[in-house]
2 protein chains.
Amino acid sequence: MSAIRLLVLGAVRRHGRAHGYQVRNDLEFWGADEWSNTKPGSIYHALKQMAKQGLLHAYESAPSTAGGPPRTEYEVTEQGTAEYFSLLREALTSRDKMDLLAAGIGFIVDLSREEAVTLLRRRIKGIEGWRESVTAYYKPEEGPEQLGHIGEIMHMWVHSADVGAEWTRGLIERIEAGAYIFAGEDGDPFEGVLAEEHENPQEACGSHGGEPA
Amino acid sequence: MSAIRLLVLGAVRRHGRAHGYQVRNDLEFWGADEWSNTKPGSIYHALKQMAKQGLLHAYESAPSTAGGPPRTEYEVTEQGTAEYFSLLREALTSRDKMDLLAAGIGFIVDLSREEAVTLLRRRIKGIEGWRESVTAYYKPEEGPEQLGHIGEIMHMWVHSADVGAEWTRGLIERIEAGAYIFAGEDGDPFEGVLAEEHENPQEACGSHGGEPA
DNA sequence: GACCTTCTATTCAACTTTGACTAGGGTATG
DNA sequence: CATACCCTAGTCAAAGTTGAATAGAAGGTC
């Protein structure tokens, strides 16, 4: 599974209502086009698929206010919100797939501080388990160097997993030390969304509240 | 670009002639199914595409010697060999995409020792350049912590790139110290291919020689 | 010998990703 | 005021990926 659905759901959710181009710009702003597959086609495809599956509700063809073709706007449904949190939790515990993890970190503050830490700890457990199974599998009969240069591949993966675990521990520490504002806490929640030119100021403050779960 | 073409070309090349199931087993043996997309469908698709593009030559429908449906065998063409080395060089210099790098390492001994080192050094240069551009882009006006938790994402990528560069330096050292047998050197080249049950012993020794370039 | 499992070998439909393309409108330039 | 260029917004065909399904043969077992 790629990170695109999580990214798109998260972007739309932050706006309350958004069209494809807005999502695209946000993801670019976050640098997601560098570390994930956020080509235009993928974004529009994800929007359409998720609309078809009821995760998003599509408002057809609002005429563009700034040139270009008419645009379709989307809103996250209840079902979509559930999926969002499910994907988010999955992303934060995933061992492989740096892009998933990155997307998860981007939205981590939508969870409570405790849950964030719990999930990150689970991630470390996952890495450690994987590490054991891999090193067990690859240290068979005839000495360590019977693998030749192929051994380098395994070392690379194990090493990078170790570093990932170490980095995660650091993040947990920072979070436990009080860094950042999480869901349900006082202070400005970090938005990190590109401002829309204020065409309809009175519509800009719909509270799209926290998770029910 | 994914690693599958390189992996498939490399696997077929090592056998001289191979059918899809053989390739699949090799990739599994190398653990490539863990770190790359080597599902059966992808392998057969890659074989067919590359045959269509003239990188492989297909020998239609050799009847299976061990049960199952008849199988199609493939051989790497001259054009395919050129593509193989091109992909291999690209893989070893790629900054992102761990799976590409892993595949590249798997076939690195098909290059000369000097070229291997050169490419790995180029890889480090690439990482360093990328690092600079990223940190420049993400250290803008209002202090470092204006990014909020989004900064964690950048730190993660930069950190993992640094670790990747460091690991590459270690590999270069080992190679320069004489580890492994590279193309054109004395000693058994590492094969790491699953032995075929010797059905046609006299066909098993076709020399599929080194690169012309 | 009927049945079940395993191994061999591949195909297929559904889905996702990619990169190039379309097209309207604004804006600067000569 | 024509033309070139960029920004907005999205579509599309081709390619790649996935997971499940298919199907023949061999081997065990009751």
Side-chain angles (χ1 to χ4, degrees), chain A residues 1-8 11-12 18-29 32-33 35-53 55 58-74 87 97 99-100 194 196-197 199, chain B residues 1-8 11-12 15 17-29 32-33 35-53 55 58-74 87 97 99-100 194 196-197 199:
Chain A
M1 205 246 334
S2 83
I4 187 115
R5 279 168 167 251
L6 176 56
L7 287 165
V8 169
V12 172
H19 52 88
Y21 193 67
Q22 244 173 326
V23 171
R24 177 184 174 177
N25 279 343
D26 277 0
L27 298 194
E28 202 168 316
F29 178 61
D33 54 333
W35 43 264
S36 186
N37 49 336
T38 48
K39 318 280 183 292
S42 301
I43 294 170
Y44 288 105
H45 173 70
L47 284 168
K48 279 183 188 158
Q49 278 308 103
M50 292 197 293
K52 203 157 77 179
Q53 293 166 17
L55 307 178
Y59 296 87
E60 289 300 339
S61 282
S64 169
T65 60
R71 54 206 192 180
T72 308
E73 297 194 309
Y74 296 90
L87 289 175
K97 311 279 191 182
D99 59 335
L100 257 193
L194 261 19
E196 181 77 340
E197 72 286 0
E199 32 180 315
Chain B
M1 206 248 329
S2 82
I4 188 119
R5 277 166 169 254
L6 176 56
L7 287 165
V8 169
V12 172
H15 282 289
R17 190 195 274 218
H19 52 88
Y21 193 67
Q22 245 172 325
V23 171
R24 176 185 176 178
N25 279 343
D26 277 1
L27 298 194
E28 201 168 316
F29 178 60
D33 54 333
W35 42 264
S36 187
N37 49 335
T38 48
K39 318 279 183 293
S42 301
I43 294 170
Y44 287 104
H45 174 72
L47 285 168
K48 279 184 188 157
Q49 278 308 102
M50 292 198 292
K52 201 158 79 179
Q53 293 166 16
L55 307 177
Y59 296 86
E60 289 299 340
S61 281
S64 170
T65 60
R71 54 205 193 182
T72 308
E73 297 195 307
Y74 296 90
L87 289 174
K97 313 276 192 182
D99 59 335
L100 257 193
L194 260 20
E196 181 77 341
E197 73 285 2
E199 32 179 319

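In what follows, every chain begins at residue 1, and chains take the letters A, B, ... in the order their sequences are listed.
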Mind listing the residues from residues 45-52 of chain A sitting with a heavy atom below 4.0 Å of DNA chain C? Number order is fine. H45(A), Q49(A)
Expressed as a whole number of angstroms, how long is the span from M1(A):CE to dG19(D):C1'? 16 Å
So do the side chains of R5(B) and L55(B) get within less than 4.5 Å of each other, counting heavy atoms only? yes
Closest nucleotide among dG16(D), dA9(D), dT17(D) to the S2(B) side chain: dT17(D)
Would you say the side-chain atoms of S36(A) pair up with the backbone N or O of T38(A), donor to acceptor, closer than 3.5 Å? no
Compare all side-chain heavy atoms of M1(A) with those of L87(A) and state whether any distance is below 4.5 angstrom. yes
4.5 Å side-chain heavy-atom contact, Y21(B) and R71(B): no
Return the value, rounded to whole Å, for the distance between atom NE2 of H19(A) and atom C1' of dG10(D). 11 Å
What integer distance in Å separates E28(B):CD from dT8(C):P? 10 Å
Rounded distance in Å - OH (Y74(B)) to P (dA9(C)): 14 Å
Nearest-angstrom distance from the residue atom CD1 of I43(B) to C1' of dA15(D): 17 Å
Among the candidates dA9(C), dC7(D), dT18(C), find the nucleotide nearest to the side-chain atoms of R71(B). dA9(C)
Could you check which of dT17(C), dT8(D), dA9(C) has an atom nearest any side-chain atom of Y21(A)? dT8(D)
Between P of dT18(C) and CD1 of I4(B), the distance in whole Å: 16 Å
Which listed nucleotide (dG19(C), dA9(C), dT18(D)) is nearest to the side chain of K39(A)? dG19(C)
Taking the side chain as C-beta and beyond, is there a heavy-atom pair between D26(B) and H15(B) under 4.5 Å? yes
Is any side-chain nitrogen or oxygen of S42(A) closer than 4.0 Å to OP1 or OP2 of dT18(C)? yes
So V12(B) and M50(B), do their side chains get closer than 4.5 Å, heavy atoms only? no
Rounded to the nearest Å, what distance is computed from the OH atom of residue Y44(A) to the P atom of nucleotide dA13(D)? 18 Å
For Q49(B) and A46(B), indicate whether the former's side chain and the latter's backbone hold a donor-acceptor pair under 3.5 Å. no
Categorize G20(B) for me: base, sugar-phosphate, or nothing, with a 4.0 angstrom heavy-atom threshold over every strand shown. sugar-phosphate
Of P40(B) and Q53(B), the one whose nearest nucleotide on DNA chain D sits closer to the 5' end is Q53(B)
Counting side-chain heavy atoms from C-beta on, which of dT17(D), dA9(D), dG16(D) comes nearest to R24(A)? dA9(D)
Report the nucleotide, chosen from dT10(C), dT18(D), dA9(D), that has the shortest atom-to-atom distance to any side-chain atom of N37(B). dT18(D)
Return the value, rounded to whole Å, for the distance between atom NZ of K97(A) and atom P of dT16(C). 14 Å
